[in-house]
**Q** 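Structure provided below as structure tokens; questions to follow.
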Amino acid sequence: MIRILPFPLLSLLLWLAWMLLNGFSWGHALLGLLLALLLPLATRPFWPNVPRLRNLPRLLRFLALVHWDIVVANLTVALLILRSPRRLRPAFVELPLALTDDFAITVLMSTISLTPGTVSADVSEDRATLLIHVLDVDDPEALVAEIKQRYERPLKEIFEC
Amino acid sequence: MDSLVEFLVAAFILLGAAFALIGSIGLARLPDFYLRLHGPTKASTLGVGGMIMASLLFFSWQAQTLQLQEVLIVLFLFITAPVSAHMLAKAAMHRGLARRKDTKGRPWKQ
Amino acid sequence: MLEIALPVGFALIVLALLLNLYRLLRGPTLPDRALALDTMYVNAIALIVLYGIATDSKLYFEAAMLIALIGFVSTVAVAKYMTRGDIIE
Amino acid sequence: MNLALMVLLPFLGAVLPPLAERLRASRTVLALTAAALPLLALVWLWWPAQRVLSGGIVQFSRPWMPSLGLDLAFRLDGLSLLFAVLVLGIGLLVVVYARYYLSANEKAGRFYAFLLLFMGAMLGLVTSDNLILLVLFWELTSLSSFLLIGFWSHQSAARKGARMSLAVTGMGGLALLAGVLLLGQVAGSYSLGEVLAAGDRIRANALYPLILVLVLLGVFTKSAQFPFHFWLPHAMAAPTPVSAYLHSATMVKAGVFLLARFYPALSGTDLWFYLVTGAGLATLLWGAAVALFQHDLKGLLAYSTISHLGLITMLFGLNSPLAAVAAVFHIINHATFKASLFMAAGIIDHETGTRDMRRINGLWRYMPYTAVLAMVATAAMAGVPLLNGFLSKEMFFAEALEAGAVSPLSWLLPVGATLGGVFSVAYSARFIHDVFFNGEPVNLPKFPPHEPPRYMKVPVEILVALCVAVGVFPGFTVSALLAVAGTATLGGTLPEYTLSIWHGFNLPLLMSFVALAGGVLIYSQRRRLFAAYERLPAMDANLIFEGRVQALVRLAAALSERLRNGSLQSYAAWLLGVVALMLLVYLTPALLTDSGAMLPLDGAAALGGLILIVAALITAFLHRHRMTAIMSVSVVGLVVSLIFVRFSAPDLALTQLSVEVVTMLLLMLAMYFLPVRTRVESGALRVGRDVLLAVVIGGGVGVMAFAMMTSGFDSISPFFLENAKPGGGGTNVVNVILVDFRGFDTFGEITVLGIAGLGIYALLRDLELDSAATDSMGRPWARDAHPLVLVTISRPLLPLALLVSVYIFLRGHNLPGGGFIAGLITSVALLLQYVASGVEWVHRRMPGDYHPLVAVGLLLAGITGLASWMFGYPFLTSTFDHIHWPLVGEFELASAMLFDTGVFFTVVGATLLMLANLGKLSLLDDKRRAG
Amino acid sequence: MDHLIIAPILIPAFAGMLLLLEVRERLWLRRATGLIATLALVPVTLMLFQRAFAGEITVYDLGNWPAPFGIVLVLDRLSALMLLLTSLLAVPALLYASQGDDRIGANFQALFQLQLMGINGAFLTGDLFNLFVFFEVLLIASYGLALHGRGPARVGAGIHYVVLNLIGSALFLIALALIYGTTGTLNMADFAVKVNQLDGQARTLAEVAGLMLWIVFGLKAALFPLYFWLPATYANASAGVAALFAVMTKVGIYAIARVYGLAFGAGELAGLGRNALWVVALVTLVLAALGALSARRLGEQIAYLVVMSVGTLVAGVAWGTPAAFGASLYYLIHSTLVCGGLFLLADLIGRGRGDLGDRIMAGPVPAGRGGLAPLFFIGAVAVVGLPPLSGFFGKVALMQAVPAPLYWALLLSAGLVALVGLSRSGSTLFWRATGEADAPRLDYWRLFAAALLLAAAPAMAVWGGPLLAISDATAGQWADPSQYINAVLNTAGGGG
Amino acid sequence: MEAMIAIVIAVMVGTGVYLVLRARTFPVILGITLLSYGVNVFVFVSGRLKLDQVAVVGVSDSPTDPLPQALVLTAIVIGFAMTAFLVVLALRGQGELKSDHVDGRRDEEID
Ligand code: NA
Ligand code: NA
């Protein structure tokens, strides 16, 4: 199974993408299936460490949460930008990482960057700390806690447990 | 076209365009690079998102079937946009770009 | 309604592009310029999608998708150049 | 009797001596091989000669290049017979003489080969019956004499002399060519017979003066007539056998031969008289006077030759039939005595080791036999009675008097002729007295001198014997030959003349005596004259000529280097300047005003245009900040793709966008090794010029674009729109054009891409570049070579991008997309792996050599094209079919897709070949730094 | 369907592709592939030549689409002649290069084949945009070949060559856009018909397009003031490449002649830019002769002689009469083969003189002088137009066909100047010897290759009659564009 | 609209020309790039401007002229190949001539 379907999540993603691209027809469903199987196999050598999806429902919930956060925070940031920039309280914040998997860390960093007001600026060489730039922060500690709570924990569940 | 759909499409268009503009305003007027980095990577994301929503609605209505193709644009953008931001932030830190004086914390040496 | 929203939408996005261009011209640093270019790419996506709506045509979708998929590679290359000089090591 | 074959014989003979030399033949054998074929030719000549002597003409003709009027046509009439005999006869004597003259270590084989080449050229020249053929052999004599004069190539004088004679006679040859072509056009034929018959028509033609001048330029340069005489003394750097041959009987005689040959066609006008007689007289006097002052034995003979050629030329110029006969007669006489004199001089040189008459004295005691021979020949040259020179000189004096009687310059010609005779006697006296008497030799390199080997003297003996025989018994010896030669020269009836030694006491005889007496008198005053001559400013023609050539070379170099100054900026400015000039001349304001219907401009488009314009201007103004310029160029590219979107060209937009990304990667790769900034180095003037060019060309192209867009036109495009679906099986007409209607363009285009890949690969191999150790701000590079986020994201993007590629590829035939764009997306996805994880990482996962991929792509496209042959259709004929599969539904299979697959692979292969190898450069650099 | 006409394009194309597949280490295999493919072109082009001279114009509808919609290949006498010439030049050039020069850089054999593909395509195509594509094919291959090997001089010259040609390509595209934007077609024959029906603005634009084409072709042909790139590029290229390049300027001349003959020979726009071409050609002739005189290297001198031949030829083309064009063609064949041979010879001489190379200064006796000197003499005599070799007859033919005193004067003077220049270099290289060279022995295969090309000089003299007849027949067909136009536009053909 | 496009073409061609005339390889590369952008648009508009009339059969009622688009596609590809070659050649120049001057002049020779 692993041989044929080394990355089920990826295959699923590819198949969905194919169907999105082409619209539904049986022919495309088949062709999409073929591609969804073949392409991961073909690119197998490029995946030295296979990220393992452990909790699909959690992932879906996580995605919904992120999208909601993006929308909400966008409004906040819009206001921040339009107000006088002088009132901003920017900060570089370090976030100690609990995640160990590269893929999971990347997803976390992407999430942070995608949600308004924060950008993942860097990750330490030992993968222990994340550097985040924040647009406007009152209490960096609280922010770190929130990120860990809101994003890191679900990700740990999705990819690592 | 159904006026509700048309209204929604128009609203999403304006929302998207507005966020695109706001992001770019941020890029234009925020005082240091790290701050400017926030404008585009967020607002533009929702800017595109708004447009995509408008497009989804519009074409789905036109075809009277669900047209989700555009979702892919968002998917790809969400995958790739953080990489740009991250890489640029690293570049800025490497170059030791000045940050606003009252910025808490400090960038890392590269 | 669309006849108002569309031109306004175009105007806003093009205005956004102009602001990006201003940042590109102004700099002052290379990362700023790269960021401006990156933003222009993203705004271009919005513009193309909007144009698709305006012309009731899906023929431009791929162009927008292409930018979303590979547009960031330019930015990555510039950033890599700034940090490492060598973009392919 | 085949005349062509006879002419060919010396040329064939030229092959033998080098061959014999290869086989290490002895010198005598070598000379024999050289002599064999000319001898055969001479013997062969016997039979046609009989016919000529009895008044006939032998001809041979084969068409060669009919459209040029060039026939392989030869004729043997009296004139050519005379010259053929001289050429072959004296040539054979020279071969014998050279056998003893050349030393053992010299390349005699090569010498004989050149000599025989020359002989053949001469023989061809004198027997040509076609004007163009005649010029051909004429130039051949120049070329072969170049080789002969330069034979002692280790001597600077030989090289310079050879080059000078080639340049001067070559120039004359070119003039002659022009003259002859005009002559042929005027006469309506290049056949000699017809041209000679058309004399009246030629002289009446408006082109006659031009023709005459051009032909005479050929004659005068070849025959060393004033003012083109200067090359001849320097040709004396040649080995003496060459001088004996070229400067007595052959090369220099070619000029006067031509006067004789064209006599019926060109002579008889005042212009002819003034030009030919004038040049001849000047040459006669100048040569004779200067000859006296030469200390070099051969130099004296050289100027004497010039002088005698002047005499002959002058005779031809007199427009009198008798004078022409005299000229022909003197040609014979001069050939015999001058050849023998050169040979004698060569013997003296050979035996004493020098040619300096100030050192050579009193040889009478050491080599009396040679002395006798030389003295007889010299006497002939001086015009002493009972020798052949006397006869023709008498005729010359008579003709000079005759011509003086009718000419306005009544006194000039006879006085000049006498004066020439005076100097002639004087230098002849010097030759005899200074060499054979005048005390004891001074410090000779070889002492004491001896008589030369027996057979070296034979040629001289023969020639001297001829001098005497002709001088004493002209009627028995030359009269027949002279008669036919004269007839041929005049092209009509021969005038009355007698070849007798005694004409009674008359004015010519008086002139002869004046000449003898005056000559002796002048020679007696030689010391004073020499001293006066020494005080004259030295004029070395070689130095002057070389100086002129050097000056020309310098001028040419200055001009060439000014134009081709090695500056790309200047070359590009020339190119663009021509374009700008053309636009300024051709574009009219009407292009802007007479416009048809236009699309309305909206604000967004205007702002978009503004963005592009600003970005382009930023690129131009800030181009020194290279990274900024790169980014603003990207903006331009982005707006261009938006323009494509806006104006219904989604395929173009896709292509432009993906090319843009690859180009960006390319530029960033390059920037690693290039300076970050461009220095300011253009002055205001250059910037001004460039801005002007930019404005004119940019503006011009803009005006044309506007005019084009706003005018109506009918095009072939409806055909594509109509036939794309039924004929090409696709609805995306752009793609159908690319893979079907104009698939051949695409085939070429991917070939270009593939070749670029190959070329770049070749350029990058072994390229050593210094990369910057720090960034432009002097910081060490960041530590993180492969940022985590980039690495992790790049991996899922690969299959996603491949999926999109497949999508773009498959829909291309019907909707925007296709193999090219798909290929670029795949390439970018793969390149992203390189950027994210590095070359070594990637190459551990897939083969790093993309040559085969390019080849497979091109082959696939090519073989798809070939496949149509099997069905009897031309290359790249496409076919398609709709297939219905259960469940899958109906889909289309088109051969064009296979072609497009080829495009896909080529694009991927070529792009990666370029960029991956460029990326690898730094690895080499690292390795170099490490070890 | 007879596919022979496309063989001159496909043979080198497929050979080039195969060469990419072949194992890089197996040199002999690559050489064999290249040489066999090049040799195969000789009989193929010979057959095409025979066919064209039977009088028929063959049209090949690529993709089975009729003209003017699809791209067509057209074989007339002119294109057949050029194809044959190219293959005759290519064989010795490749033979020479395959004696070792092909090893000093990557992909030589493949680039060589693809260069041939480009040249042959340019000669065969009947479509203007396709001509552009083949120009690009031959250019990109020529970039690769010009830079083959190493050395700063080569790279410096290469940058100039590439940049100028990139500008040229941009101009070419502008011209093509104007052509399409006014006449609505890209087919040469169709263009020839339609361009003469234009009026008003469209006509002005078409005129500019035509002149722009002259500039582009003039750049390739190396006309004043666009030849400055040539001497350095050719003189610095490796010998086999320089020899092959002898035909590259002729591609430009061919293109001028082709478009001129079809579209601007008669009709409304007759003689477009003709006077300018005439003047420019004469200036080129003179300046090139002076350049040849002042050259400091033999290779550079020969490159200037190439430019000189361009001036000579374009003047003949600009004169416009069939007779002048016929004479030009004979001269074209001569100058291509002889200059090609001289480039090879210059390289051999340079090799024989060790470090001094082909610089025109006193130096050691070139190794193998016995073989080199006679060949040099033959080549020099031929190239300056002295008898009894081909150059002389070409010059006579041109003078007869172009009865303009100025042309005669400049042609003859330029010949004399070149004669002085070559006699200087020849006597310096072969006669002013200062000892023995520290150089490898003469390679007889290389000498053979050079001799093969230079043999054209006597051969073209001996068979001058038939060759001139061929040239005149070609020119006759050229001067009557209706034959070409009818053949192209009347061919029947269906879709798909 | 036509006038705007014409101006845009003019600016791209003009700036391209200006940059091509600079003394260093890099601006020349940029110049060539701009020049080819301008020329590509010029070729593109030889089919005249049409809004939203993509040349896909059945999609538009009066489709735009597809031929110039196909030509531009070819031109873009060829232009890319050429630019890439020039870039690498510039590097070769940098490597062998130790200068990025278009004539290979070293900096010390210029001062
Ligand atoms: Na690298
Ligand atoms: Na003496």
Side-chain angles (χ1 to χ4, degrees), chain D residues 64-65 67-68 136 139-140 153 159 163 166-167 170-171 174 178 181 553 556-557 559-560 564 568 571 574-575 578 582 586 591 707-708 711 713-716 719 723 727 740-745 748 751-752 755-756 758-759 761-762 765 851-852 854-855 858-859 869 872-877, chain E residues 1 3 6 17 20-21 60-65 68-71 105-107 110 114 130 133-134 136-137 140-141 143-144 160 163-164 167 181 184-185 201-202 208 211 215 225-226 228-229 290-291 293-294 386-388 396-397 399 408 412 416 419-420 423 427 431 464-465 468 472 495-496:
Chain D
W64 186 1
M65 301 188 196
S67 67
L68 300 186
L136 185 152
E139 295 282 43
L140 265 186
S153 60
R159 294 195 299 267
R163 285 214 311 268
L166 181 64
M171 183 196 74
L174 292 173
L181 288 181
V553 170
L559 188 65
S560 300
R564 197 169 77 78
L568 174 63
Y571 302 168
W574 274 105
L575 171 59
V578 172
M582 189 268 285
Y586 269 82
L591 290 174
M708 188 166 68
S711 60
F713 83 129
D714 293 318
S715 87
I716 54 174
F719 178 88
N723 287 283
D740 197 337
F741 293 116
R742 299 186 66 91
F744 201 51
D745 274 349
T751 310
V752 169
I755 302 171
L758 303 191
Y761 175 82
R765 230 173 59 157
H851 281 94
V854 176
L858 289 173
L859 279 170
W869 286 6
Y873 287 109
F875 188 68
L876 281 177
T877 306
Chain E
M1 180 52 64
H3 304 289
I6 198 176
M17 297 170 196
L20 293 183
L21 277 179
Y60 188 79
D61 294 337
L62 283 153
N64 208 24
W65 298 105
F69 310 109
I71 296 169
N107 290 333
L114 295 168
N130 197 238
V133 171
F134 275 111
E136 298 301 305
V137 172
I140 186 81
Y143 302 158
H160 291 191
V163 171
L164 287 173
I167 301 173
T185 192
Q201 284 195 10
V208 173
L211 293 169
I215 295 175
L226 313 174
F228 305 133
W229 56 272
L290 292 176
L293 180 64
S294 65
L386 284 178
V396 169
M399 287 171 72
W408 283 32
L412 294 176
L416 181 66
L419 173 66
V420 171
S423 67
S427 80
W431 285 353
L468 279 163
D472 286 340

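Just so it is clear: chains get the letters A, B, ... in the order the sequence lines come, proteins before strands, and each one is counted from 1.
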**Q** Under 3.5 Å, is there a donor-acceptor pair between the side chain of N64(E) and the main chain of Y873(D)?
**A**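 Judged by distance alone, no pair lies under 3.5 Å.
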
**Q** Using non-hydrogen atoms only, which part of V163(E) is less than 4.5 Å away from chain D: side chain, backbone, both, or neither?
**A**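 The side chain, not the backbone.
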
**Q** Quick one: what part of S67(D) sits under 4.5 Å from any heavy atom of chain E, side chain, backbone, both or neither?
**A**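 Both parts, heavy atoms under 4.5 Å.
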
**Q** Taking the side chain as everything from C-beta on, heavy atoms only, tell me whether L62(E) gets closer than 4.5 Å to P874(D).
**A**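 Sidechains of P874(D) and L62(E): no contact.
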
**Q** List for me each residue that meets side chain to side chain contact (heavy atoms under 4.5 Å, CB included) alongside A178(D), sequence neighbours excluded, and say none if there are none.
**A**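 With neighbours one apart ignored, the set is L214(D), M399(E), W408(E), L412(E).
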
**Q** Looking only at heavy atoms, which two atoms of Y60(E) and F875(D) are closest? And how far apart?
**A**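 Distance-wise, the nearest heavy atoms are OH-N, 2.6 Å.
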
**Q** Grab the two heavy atoms, one from W574(D) and one from P225(E), that are nearest each other, plus how far apart they are.
**A**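 Closest approach of W574(D) to P225(E): CE3-CB, 3.2 Å.
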
**Q** Would you mind checking which part of D745(D) comes under 4.5 Å of any heavy atom in chain E, side chain (CB onward), backbone (N, CA, C, O), both or neither?
**A**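 Both the backbone and the side chain of D745(D) come within 4.5 Å of chain E.
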
**Q** Taking side chain as everything from C-beta outward and backbone as N, CA, C, O, which of these in L419(E) sits under 4.5 Å from a heavy atom of chain D? Side chain, backbone, both or neither.
**A**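 Side chain only.
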
**Q** By a 4.5 Å heavy-atom criterion (distance strictly below it), what part of N130(E) contacts chain D: side chain, backbone, both, or neither?
**A**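 Its backbone and side chain both get close to chain D.
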
**Q** Of the backbone (N, CA, C, O) and the side chain (C-beta and beyond), which part of L164(E) lies under 4.5 Å from a heavy atom of chain D, both, or neither?
**A**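 Contact with chain D is through both the backbone and side chain of L164(E).
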
**Q** So for Y143(E), is it side chain, backbone, both, or neither that comes closer than 4.5 Å to the heavy atoms of chain D?
**A**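 Neither part.
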
**Q** Quick one: what part of L859(D) sits under 4.5 Å from any heavy atom of chain E, side chain, backbone, both or neither?
**A**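 Both the backbone and the side chain of L859(D) come within 4.5 Å of chain E.
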
**Q** Which atom pair, heavy atoms only, marks the closest approach of G464(E) to M65(D)?
**A**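 So the minimum-distance heavy-atom pair works out to CA-CE, 3.5 Å.
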
**Q** Between atom CG of L290(E) and atom CG of L559(D), what is the distance when rounded to the nearest 0.5 Å?
**A**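 So the CG of L290(E) and the CG of L559(D) are separated by 6.0 Å.
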
**Q** Could you give me the CA-CA distance, side-chain angles and deciding distance for F741(D) and W65(E), then say whether ring pair (Phe, Tyr, Trp, His ring centres under 6.0 Å) is met?
**A** CA-CA 7 Å; F741(D) 293 116; W65(E) 298 105; 4.4 Å; yes

**Q** Which value, rounded to the nearest 0.5 Å, describes the distance between I71(E) atom CD1 and L876(D) atom CG?
**A**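 Result: 8.5 Å between the selected atoms.
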
**Q** Report yes if some heavy atom in the side chain of L575(D) is under 4.5 Å from a heavy atom in the side chain of W229(E); otherwise report no.
**A**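 Sidechains of W229(E) and L575(D): no contact.
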
**Q** Taking every non-hydrogen pair under 4.5 Å, which of P68(E), G105(E), P388(E) racks up the most with chain D?
**A**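 Result: the option with the highest number of such pairs is P388(E).
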
**Q** Testing the basics here: between S294(E) and S560(D), what is the closest heavy-atom pair and its distance to 0.1 Å?
**A**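 Of all heavy-atom pairs spanning S294(E) and S560(D), the closest is OG-OG, 3.6 Å.
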
**Q** In the structure I gave you, are the side-chain heavy atoms of H851(D) and N107(E) within less than 4.5 Å of one another anywhere?
**A**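 H851(D) reaches N107(E) side chain to side chain.
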
**Q** Quick check on A397(E) against chain D: is it the side chain, the backbone, both or neither that has a heavy atom closer than 4.5 Å?
**A**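 Looking at A397(E), backbone and side chain both touch chain D.
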
**Q** For M582(D), is it the side chain, the backbone, both, or neither that has a heavy atom closer than 4.5 Å to a heavy atom of chain E?
**A**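 The answer is the side chain of M582(D).
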
**Q** When you check the side-chain N and O atoms of R159(D) and S427(E), is any donor under 3.5 Å from an acceptor?
**A**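 Side-chain D/A pair, R159(D) to S427(E): absent.
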
**Q** Let me know if V137(E) has heavy atoms under 4.5 Å from chain D in its side chain, its backbone, both or neither.
**A**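 Answer is both: backbone and side chain atoms of V137(E) are under 4.5 Å from chain D.
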
**Q** Which answer fits L226(E), side chain, backbone, both or neither, if we ask what part of it has an atom under 4.5 Å from a heavy atom of chain D?
**A**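 L226(E) touches chain D through side-chain heavy atoms alone.
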
